[in-house]
There are 2 protein chains.
Amino acid sequence: MNISDVASSTGLPVKTIRYYEDIGLIAPARSANGYRQFSDSDLHKLAFIGRARSLGFGIDACRDLLRLYNDQKRASADVKKLAKSHLGEIDRKIAELGQMRATLSHLIDACAGNDRPDCPILADLAADHDHA
Amino acid sequence: MNISDVASSTGLPVKTIRYYEDIGLIAPARSANGYRQFSDSDLHKLAFIGRARSLGFGIDACRDLLRLYNDQKRASADVKKLAKSHLGEIDRKIAELGQMRATLSHLIDACAGNDRPDCPILADLAADHDHA
DNA sequence: TCTTGACCTTCCAGTAACTGGAGGCCTTAT
DNA sequence: ATAAGGCCTCCAGTTACTGGAAGGTCAAGA
């Protein structure tokens with residue numbers, strides 16, 4: 001299988017697949033002309049990584065997940081721990097964004113949005129929020 | 001005012017303040033020895049930027065907000081438009097993270113988390129989610 | 001056979017917004 | 001005089017790609 005076939009069957013961009021080889025996530029064989037030749041195993045790995053990335057796991061976490069996946073003697077506790085830690089990160093981000101959302105949405109509601117210069121949004125940004 | 005004073009009163013790291021000068025957000029004066037000399041206006045600008053950043057606005061949006069802030073003839077509609085667009089971005093991110101959270105949390109609940117290798121999390125990652 | 005177009009390759013640079021560190025001058029206090 | 005600490009610049013690294021240039025390869029049609 002050539003790279004563009006792999007791209008269309010995994011949904012990953014060609015560039016991304018090359019990048020994943022670069023950083024050592026996969027190591028596809030090469031044919032005589034220098035083209036990458038992807039095995040089913042490469043394909044599965046890439047699909048696995050793509051799925052993990054879509055759940056927000058970082059590249060290093062993907063590496064760990066792949067290692068655990070290939071380890072027949074793994075303990076599911078290790079996987080769960082990794083996933084829980086990632087869930088914590090997600091929750092932290094959601095909380096942060098939720099906080100931003102609340103403040104911003106409040107300010108937007110307070111803003112007339114007309115051709116006058118008075119603006120509660122700018123007023124808030126300029127106000128003293130005290131970091132001292 | 002020297003840079004570390006500004007850092008402690010704005011809550012921004014010294015490195016970040018230098019960076020903001022680098023990219024043209026501020027242009028503090030220099031004293032004879034080459035040290036940056038921050039005016040009250042510089043200080044206010046930095047506080048403004050810091051606040052905008054804490055609401056998740058990107059650097060370019062900060063530049064726009066600062067420009068609007070300094071424009072006495074601005075229309076609040078322009079500020080509101082910018083803020084609304086940013087709110088949309090935030091909502092998009094929250095939705096994406098919420099989706100991840102839901103899936104991941106479901107998988108975590110299904111995982112025994114013991115010393116056995118069976119793991120619904122890995123099973124899901126390895127499963128065919130069909131991008132073809 | 002030649003050419004054209006779609007592949008494939010590598011390498012370099014850029015993205016967002018900093019952050020860390022090296023090497024070195026300036027200031028202040030002992 | 002010296003040591004500590006603040007300031008300076010410049011370079012490199014971070015995350016996870018993405019775009020583009022320059023060039024080799026392959027299959028099909030005229």
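Convention: sequence-line order gives letters A, B, ...; per-chain numbering from 1.
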(message) Please tell me if Ser4(A) has a side-chain N or O lying less than 4.0 Å from either OP1 or OP2 of dC8(C).
(response)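 Yes, Ser4(A) has a side-chain N/O under 4.0 Å of OP1/OP2 on dC8(C).
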(request) Tell me whether the OP1 or OP2 atom of dA17(C) has a side-chain N or O from Thr16(B) closer than 4.0 Å. (result)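 No, outside the criterion.
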(request) Compute the bend angle of the helix from dT1(C)-dA30(D) to dT30(C)-dA1(D) from the end axes (five pairs per end), rounded to 10°. (result)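 Inter-axis angle at the termini of the helix from dT1(C)-dA30(D) to dT30(C)-dA1(D): 30°.
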(request) Just do the side chain to side chain contact (heavy atoms under 4.5 Å, CB included) check on Leu82(A) and Leu68(A) with the steps written out, would you? (result) CA-CA 10 Å; Leu82(A) 215 159; Leu68(A) 285 165; 4.0 Å; yes
(request) Report the residue (Phe57(A) or Asp5(B)) whose heavy-atom-nearest nucleotide on DNA chain D is the more 5′ of the two. (result)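 Taking each residue's closest nucleotide, the earlier one in sequence belongs to Asp5(B).
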Please list, chain by chain and in numerical order, all residues satisfying side chain to side chain contact (heavy atoms under 4.5 Å, CB included) with [X], sequence neighbours excluded.
X	answer
Ser85(B)	none
Asp5(A)	Met1(A), Asn2(A)
Pro28(A)	Glu21(A), Ile26(A), Arg36(A), Phe38(A), Asp42(A)
Ala112(A)	Asn114(A), Ser76(B)

From [atom1] of [X] over to [atom2] of [N], roughly how many Å is that when rounded to an integer?
X	N	atom1	atom2	result
Ile17(B)	dA17(C)	CD1	P	17 Å
Glu21(A)	dC8(C)	CD	P	14 Å
Arg53(B)	dA17(C)	CZ	P	5 Å
Asp60(B)	dA16(C)	CG	P	7 Å

(request) To the nearest 0.5 Å, tell me how far Ile17(B) CD1 sits from Ile3(B) CD1. (result)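 Ile17(B) atom CD1 to Ile3(B) atom CD1 measures 5.0 Å (nearest 0.5 Å).
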(request) Under the side-chain hydrogen bond (donor to acceptor under 3.5 Å, both in side chains) rule, collect the residues that match up with Arg53(A), sequence neighbours excluded. (result)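 Arg53(A): no side-chain hydrogen bond (donor to acceptor under 3.5 Å, both in side chains) contacts found.
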(message) Just to verify, what does Asp64(B) make a side-chain hydrogen bond (donor to acceptor under 3.5 Å, both in side chains) with, not counting sequence neighbours?
(response)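 Applying side-chain hydrogen bond (donor to acceptor under 3.5 Å, both in side chains) to Asp64(B) gives none.
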(message) Could you go through Arg74(B) and Asp78(B), starting from their C-alpha distance and side-chain angles, then the distance that decides it, and tell me whether this counts as side chain to side chain contact (heavy atoms under 4.5 Å, CB included)?
(response) CA-CA 7 Å; Arg74(B) 70 184 166 252; Asp78(B) 291 340; 5.8 Å; no
(message) Starting from Leu25(B), can I reach Val79(B) by hopping between I/L/V/M/F/W/Y residues whose side chains sit under 4.5 Å apart?
(response)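 Yes, Val79(B) and Leu25(B) fall within the same hydrophobic cluster.
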(message) Taking Asp124(B)'s backbone N and O only, do any of them form a donor-acceptor pair with His129(B)'s side chain (distance below 3.5 Å, no angle check)?
(response)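 Present.
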(request) Using heavy atoms and a sub-4.0 Å distance, could you list which residues of residues 30-46 of chain A are near DNA chain D? By number, please. (result)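 Within this stretch, Asn33(A), Tyr35(A) sit under 4.0 Å of the strand.
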(request) Within residues 84-105 of chain B, find the residues that approach DNA chain D with a heavy atom at under 4.0 Å, and present them sorted by residue number. (result)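 Residues of residues 84-105 of chain B that come under 4.0 Å of DNA chain D do not exist, since none gets that close.
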(message) Measuring only between side-chain heavy atoms, which start at C-beta, is Ile49(A) closer than 4.5 Å to Leu65(A)?
(response)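 No, too far: nothing below the 4.5 Å cut-off.
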(request) May I ask you to say what Ile3(A) touches in the nucleic acid, namely base, sugar-phosphate or nothing, with a heavy-atom cut-off under 4.0 Å? (result)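 Contact class for Ile3(A): sugar-phosphate only.
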(message) The test is salt bridge (charged side-chain N to carboxylate O under 4.0 Å, His left out); show your working for Glu89(B) and Arg92(B) and say whether it passes.
(response) CA-CA 5 Å; Glu89(B) 270 300 289; Arg92(B) 212 185 42 69; 3.2 Å; yes
(request) List for me each residue that meets ring-ring contact (aromatic ring centres under 6.0 Å, His included) alongside Phe57(A), sequence neighbours excluded, and say none if there are none. (result)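 Only His86(A) meet the ring-ring contact (aromatic ring centres under 6.0 Å, His included) criterion with Phe57(A).
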N/O-N/O pairs, protein side and nucleotides 20-22 of chain C side, under 3.5 Å:
{"from": "dG20(C)", "atom 1": "N7", "to": "Lys15(B)", "atom 2": "NZ", "distance (Å)": "3.1"}
{"from": "dG20(C)", "atom 1": "O6", "to": "Lys15(B)", "atom 2": "NZ", "distance (Å)": "3.1"}
{"from": "dG21(C)", "atom 1": "O6", "to": "Lys15(B)", "atom 2": "NZ", "distance (Å)": "2.2"}

(request) For residues Ile90(B) and Met100(A), report the shortest heavy-atom separation together with the two atoms involved. (result)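 Shortest heavy-atom contact: CD1-CB, 3.9 Å.
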(message) Testing the basics here: between Ala126(B) and Tyr69(A), what is the closest heavy-atom pair and its distance to 0.1 Å?
(response)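 It is CB-OH, 3.3 Å.
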(request) Provide the start and end nucleotides, 5' to 3', of the part of DNA chain D that has atoms under 4.0 Å from heavy atoms of chain B. (result)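 Nucleotide range with atoms under 4.0 Å of chain B: dG6(D) to dC10(D).
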